[in-house]
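In what follows, a structure is listed as structure tokens, so that the remarks can point back to it.
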Amino acid sequence: MATEPQFDTAALRALDAAHHLHPFTDTQQLNESGPRVIVKGDGVRIWDSEGHEIIDGMSGLWCVNLGYGRADLVDAAAAQMRQLPFYNTFFKTTTAPAVQLGALLAEVAPAGFSHVFFTNSGSEGNDTVIRLVRRYWDLQGQPQRKTIISRHNAYHGSTMAAASLGGMAGMHAQGDLPIPGIAHIDQPYALQHARAGESEHDFGLRAAGWLEAKILELGADRVAAFIGEPVQGAGGVIIPPASYWPEIQRICDKYGILLVSDEVICGFGRLGTWFGCQHPRIGTRPDLITFAKGVTSGYLPLGGVLVGDRIAKVLIDKGGDFNHGFTYSGHPTCCAVAIANIHALRNEGIVERVAHDTAPYLAQRFAELNEHPLVGDAQALGMVAGLVLYKDKAAKTHFDAELGVGYRCRDNCFKNGVVMRAVEERMIIAPPLVITHAEIDQMIDRIKKSLDDTLAGLKQDGLI
Ligand code: PXG
């Protein structure tokens, strides 16, 4: 019998502290405790170096759609690496996987998307969006259409341009962001912005109206595009009212403004449709779609932009050179893994199973968390879900942010064998799309226990 590899956790932590700057992390604080070392994954579960088994309620970082341990994806990478690990797509060359993935994406994408531009990540995808959108309007003889409107608390990535497109105040505060030519409106988060007594429907229309107001403020002929995540992910799984996106579409159409759907999280089945814009609650007809993460189930880095035919035609017919690209645009090994991933999603009917079976079940089980004394507004859509931790549920008051109640809950979740992410007052999950009913049950049990432990800890510390 093969023996499991052994990991010296203390030694790994010491080296990590000595050499590794983690993303979005206070290094000094992390080094006091050291990171959990994740060493193995299988299905919806991961294991740490101390042997703890954990249900990965976040699919890695919203990306491991097929779950861990898929031999078909591993084999696709190995076969391609043996054949041709890398070649570029710059100078009148291409590779078979890049070509085949382009064609496959056109099959699974919404109608009218026949072209793709490849990047390595979602951030680079959104940088590419800015360059494509501005190039398009230049070619259309409207170079003054430069500004892209996004939303506060949106997450579109971490490069200078993508972080600017995003609406995270903490990111803008570091490095003089946003860059010029980006404007932000408020997000459709009813708990923050709805008026007393306002219906969800009316709030959705009013929130979409902020786009029209911003367009008129900037001058409609100066606005190039609006970008949004169908469901805001990193912002805390903000599920918009059903009236929101159709009204956004109407406003974009009215002013001839391009609509960009950032599907880095919502793409590849996350909402039970191939792309989030196809979900009945969203129902938009975007001009550009950014993707990454789930395209390879995170097994290798790959991202890109699906370019709608209307835009592609202008770029191809009139554009000449598009002076943009990355060494690894269309990396053949990453593309080979994406092809295997899409085949698996399609051949195993995983997207349909999410829509008709596991997402409704998750929604029902997740909503039960509303019975917990700390919890309100627990809601799921597809394979994303979020809840709010309330100090006083009846009065809808929150804990002081400095108490870090979400982080306490997140740490309890880890201790109880489930990954849940904390975003201010919200706790969120996005489990692998292959999760079963039994695994959903086990995940919910572990979340309930973690909420109980959080409540007990708060009582013990006299905070509630
Ligand atoms: N758009 C969206 C909607 C995303 O969620 C990006 C773009 C950027 O993708 P890359 O591949 O450049 O990271 C993302 C990434 C979190 C978290 O804490 C979320 C993301 C990345 C890191 C952390 O929830 N989303």
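Both counts, for ligands and for their atoms, begin at 1 and track the order of listing. Values reported hereafter were calculated over all heavy atoms of this structure, with side chains retained and with hydrogens, waters and symmetry mates removed.
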What I want to check is whether the side chains of His156 and Ser123 have a donor and an acceptor closer together than 3.5 Å. no
Under a 3.5 Å threshold, yes or no: a donor from one side chain and an acceptor from the other, between Thr296 and Asn341? no
At a 4.0 Å threshold, what atoms of ligand 1 neighbour a non-hydrogen atom of Ser123? 8 (C), 9 (O), 10 (P), 12 (O)
For His156, the atoms of ligand 1 under 4.0 Å from one of its heavy atoms are 1 (N), 6 (C), 7 (C)
Do Arg270 and Ser59 get their side chains close enough for a donor-acceptor pair, meaning under 3.5 Å? yes
Less than 3.5 Å between some nitrogen or oxygen of Arg421 and one of ligand 1, yes or no? yes
Distance-only N or O hit between ligand 1 and Glu124, under 3.5 Å: no
Show the atoms of ligand 1 that are less than 4.0 angstrom away from any heavy atom in Ile265. 5 (O)
Any side-chain donor near an acceptor of the partner, Asp16 and His22, under 3.5 Å: yes
Have Thr290 and Asp262 got a donor and an acceptor in their side chains that come within less than 3.5 Å? no
Option with minimal heavy-atom separation from atom 22 (C) of ligand 1, where the choices are Asn126, Val231, Leu61: Leu61
With a cut-off of 4.0 Å, which atoms of ligand 1 are near a heavy atom of Ser121? 11 (O), 12 (O)
Asp287 versus Tyr136, side-chain donor and acceptor atoms under 3.5 Å: no
Does the pair Asp138/Arg145 count as a salt bridge with the N-to-O cut at 4.0 Å? no
Check whether the side chains of Gln232 and Tyr189 place a donor and an acceptor atom closer than 3.5 Å, and report yes or no. no
For Gly122 and ligand 1, does the shortest N/O to N/O distance drop below 3.5 Å? yes
Look at atom 3 (C) of ligand 1 and find which of Trp62, Phe291, Tyr155 reaches it with the closest heavy atom. Tyr155
Please determine, by modelled atom types, if Arg45 and Gln442 share a side-chain donor-acceptor pair under 3.5 angstrom. yes
List ligand 1 atoms under 4.0 Å from Glu229, heavy atoms only on the residue side. 3 (C)
Out of Thr290, Asp262, Asn120, who gets a non-hydrogen atom closest to atom 1 (N) of ligand 1? Asp262
Within ligand 1, which atoms have a heavy atom of Ala234 less than 4.0 Å away? 16 (C), 19 (C), 24 (O)
Check if Lys293 has a non-hydrogen atom at a distance under 4.0 Å from any atom of ligand 1. yes
